[in-house]
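Below you'll find the structure, written out as structure tokens, and then a few comments.
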Amino acid sequence: MRIRIFPVDITYGIVNNEPEIRVFGVSEDGKHVAVAHRGFRPYFYAILSNEEAVSELRRMRNVISIEIEERKLFGKPVKVAKIIVTTPDKVRDARERAATIKGVQDVLEADIRFTLRYMIDKGIKPGWMEFEAEPSDGFGTGIDAFYRATSDPVQVESTLVPPLRYVAFDIEVYNPFGSPSPERDPIIIISMMDWSGNIKLLVNDGDEEKLIRDFVRELNELNPDILFGYNSSRFDLPYLVRRASVLGVKLPITKYGTAPEQSTYGHWSIIGRAHIDLYGVIQEMSDIKRKSLDYAAEYFGVMKRSERVLIPGHDIHRYWDDASKRDELLKYARDDAVSTLRLGEKLLPHIIQLANISGLPLDQVVEASVGARVEWMIMHEAYRAGELAPNRVEREYEPYRGAIVLEPRPGLHNNVAVLDFSSMYPSIMMRFNVSPDTLMEGECDCYVAPEVGYRFLKSPRGLYPRMLEKLVSARRSIREQMRLIEAKSPEFIYLDARQRALKIMANAMYGYCGWTGARWYRREVAEAVTAWGRSLLTSAIKFAESIGGRVIYGDTDSLFLLNDEGVISKLIEKEEKDGFEVKIDKVYDKLLLTESKKRYIGLLPNGDIDIVGFEAARGDWCDLAKDVQEEVAELVLKRGTNAAIEYVRGIIKKLREHSIDLNSLIIWKTLDKSIDEYKVIAPHVAAARKLIERGFRVGKGDQIGFVVVKGEGRLADRVVPIALIKGNEDIDIDYYVEKQVIPAAMRILEPLGVNESALREKRGGGSILDFLG
DNA sequence: TAACCTAATAGTCAA
DNA sequence: TGTTGACTATTAGGTTAG
């Protein structure tokens, strides 16, 4: 019989010294099914410098057989021995032995995990797959039907996703000592929400063991395919596991009836299910400045911050202890579970597509770095092309030249067209066959990169260009399909997520090739791409100017031109002839350029304002300053500078009267390293230190919010982290006027000829005291 | 000692 | 553990005027 399965988790077991791949997933009718597949063995390659090594390799223990193959490494043919080993746990030992054998130059692909090896070799990525199979004995719990595969799997293209069952969970911990510790502090609430909207609030009524057992029972009854959490890889799941073990309670929530375990990169996996920590997905979305669950949920329109309970983390124990506040804490826990579930629903299509395109399983793809995702995608392609995966090696960092940014022509311009090269770097790689395996030294039938002179074979097609072509053409056909489908239908959402993911992956390839940690790293490849990019942009400028165009700004792949239809259409036509697509991205009715690169504001025909690069677009300025700048931008473009000046004066007056909400004065900055690595104690570092003194665990990656209060010394000595705000702080209004509001406003007003003094209230009597004091 | 200058450090954004 | 280019604030440590 034929079994079609949408995999949720793929793992393996060992039966009679033979590995058995086990695919847990969902069938088309929504049943939980699992397929076991035997017959596939782990292996790795050895590059041979002489044939005599083969007999010695054959004599190694746990080796089943050796096959001599012709493969390629960076495009060059090599002879390799494929060393097939009994079970995955024997690979390491065999690899180490093989490496010491004379005649073995190098050992390759010994660090590829078995289940991923299986998927690469069988041409399977997470998504529908089909087996010939027959019913079999069980090897887990919570499964409706077991099968044993009698054929290799086949990937099935389908735009459908089965009805997956998912649950979101969140734990609250009693934390009177600051950050909680599982050895000491009990779990007090576990909140859960399932796919059909049922919410469960499990409460510690004095028996924490029962709480955990209740959670296990509820979860196994729901038997979800996906468990969503928010920061659950770093907090909730390890805390639960540790706490259960401290209490001596079992936590059998995997489909093997075991506890979750930590696997690679700190990820916590639940066999048979996909544990998806949404925090990682949010973290890489640069549009979302605040990464906490409440902000992320608000960003996606899932739950407004104003409509939910917000409790500062360090206060949880107080709400628990205070009988009159406990209900609020329960509501808070509930809101977290609801937000997490709804966020999961929004993000799942995206996650499924990233998994399907990269080849990484659902739970791993959210944890994996961008580089790792691209690399797995390349591994699949390389295998089919007979290319060996190079080993990961530590390399020295070698900087190289990037893109051009034009000097802006400052001033207020009318009717400006912004043109850009569509997917410039991917296009360059495809157009000139730029790839690590086509890079050549010496004479050849080659494309030669400008300035840097690196040479790339015209044929055969390289690994990178081939992959990009697949990504680009897949995206193109999806976008065509989308035109025929009703927007917001399930299929539309699926296709849209897919085309976005394809674009993300295509755009990530350039960054990957310049990453020193990449298996297929070749600095020359990245360098050639940016060199061609510079040359494309400069020649486009020259051409535009030669036919009377006026270029006022440009960055990497974009040109800002005074709108002239003739010039623009000729430029577009010319680039098309050269194999590049140039498009009008947008047209501004008005555009304000300053002397700064990468910063401008523009007025679109529909009245919208674009603010690019300025403080209003940044996450590290207080909301007040950002709001002021946004308003100033709008007033300046729509009504003129005087209106903007009046507005700013009004805000400053309000601020001095203390009638501005404290929340709009919070400044957020990320700790990019752990606290003792800092050479300079910046304000947010000082704020973080204060938190640590008070028992909070803050560190690398955390966002620190603080306000500035009056006092002596450095700014860093005058910050109060928001978790420690009592409400009676003496806010340093002058700081907010002079260092936040006025600079943000002046950034836009100054180039228009406004003097800073125009923003300040005239000082009345007693001004001499102000100067002295 | 206050005022001023400058390099280094750090974070964030544009592309 | 994707890239370079660019802007900006703040600290840290100096020099200088008085």
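As a basis for the values below, the full set of heavy atoms in this structure was taken, side chains included, without hydrogen atoms, waters or symmetry mates. By convention in this document, chain letters (A, B, ...) are assigned in the order of the sequence lines, proteins followed by strands, and residues within each chain are numbered from 1.
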Once base and sugar-phosphate atoms are separated, protein heavy atoms under 4.0 Å mark nucleotides 5-15 of chain B, 5' to 3', with B, S and - as ----SSBBSBS
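Here A:Ile404 lies out of heavy-atom contact (under 4.0 Å) with every strand. Heavy atoms of A:Tyr521 sit nowhere under 4.0 angstrom from any nucleic acid atom. At the heavy-atom level, A:Ala368 lies nowhere under 4.0 Å from the strands shown. Contacts of A:Arg519 with the nucleic acid, taken as non-hydrogen atoms under 4.0 Å apart, are absent. As judged by a 4.0 angstrom heavy-atom cut-off over every strand, A:Gly402 is placed among residues touching the sugar-phosphate backbone only. In this structure, A:Arg401 reaches the sugar-phosphate backbone alone: every heavy-atom distance under 4.0 Å involves primed, P, OP1 or OP2 atoms, never a base. Residue-level contact check: A:Tyr400 touches the backbone only, with heavy atoms under 4.0 Å from sugar-phosphate atoms and none from bases.
Heavy atoms only, all atoms of each residue included: A:Ala355 and A:Leu362 are closest at CB-CD2, 3.9 Å. Between A:Phe706 and A:Tyr736 the shortest heavy-atom distance is O-OH, 4.4 Å. Minimum heavy-atom separation, A:Met119 to A:Gly359: CE-O, 4.0 Å.
For the pair A:Asp610/A:Lys586, a side-chain contact is recorded, criterion being any heavy-atom separation below 4.5 Å from C-beta on.
In summary, A:Lys626 and A:Glu630 do not engage in a salt bridge, as defined by a charged side-chain N under 4.0 Å from a carboxylate O. Classification of A:Lys710 and A:Glu729 as a salt-bridged pair fails, no side-chain N sitting under 4.0 Å from a carboxylate O. The pair A:Asp555-A:Lys598 meets the salt-bridge criterion, since a charged nitrogen lies less than 4.0 angstrom from a carboxylate oxygen.
Where A:Glu407 and A:Thr530 meet DNA chain C, the nucleotide closest to each residue was compared, and A:Thr530 sits on the side nearer the 5' end. Each of A:Ala508 and A:Ala403 was assigned the nucleotide of DNA chain C with the nearest heavy atom; the assignment lying further toward the 5' end belongs to A:Ala508.
Side-chain N/O atoms of A:Ser233 and A:Glu367 include a donor and acceptor closer than 3.5 Å.
A:Tyr400 and A:Tyr510 have perpendicular rings, their planes meeting at more than 60° on a 0 to 90° scale where under 30° would count as parallel. The aromatic rings of A:Tyr588 and A:Phe560 lie parallel to each other, their planes meeting at an angle below 30°, with 60° marking the opposite boundary.
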Checking ring pair (Phe, Tyr, Trp, His ring centres under 6.0 Å) for the pair A:Trp532/A:Phe432: CA distance, chi angles, key distance, verdict?
-> CA-CA 9 Å; A:Trp532 259 303; A:Phe432 301 115; 4.3 Å; yes
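Nucleotide C:dT3 holds its P atom 15 Å from the CD atom of A:Glu527, rounded to whole Å.
Sorted by residue number, the list of members of residues 583-597 of chain A with any non-hydrogen atom under 4.0 Å from DNA chain B is empty.
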Where does DNA chain C pair, written as one dot-bracket string 5' to 3', with Watson-Crick or G-U pairs under 3.5 Å, ( ) inside the strand, [ ] for crossing pairs and | for another strand?
-> ..|||||||||||||||.
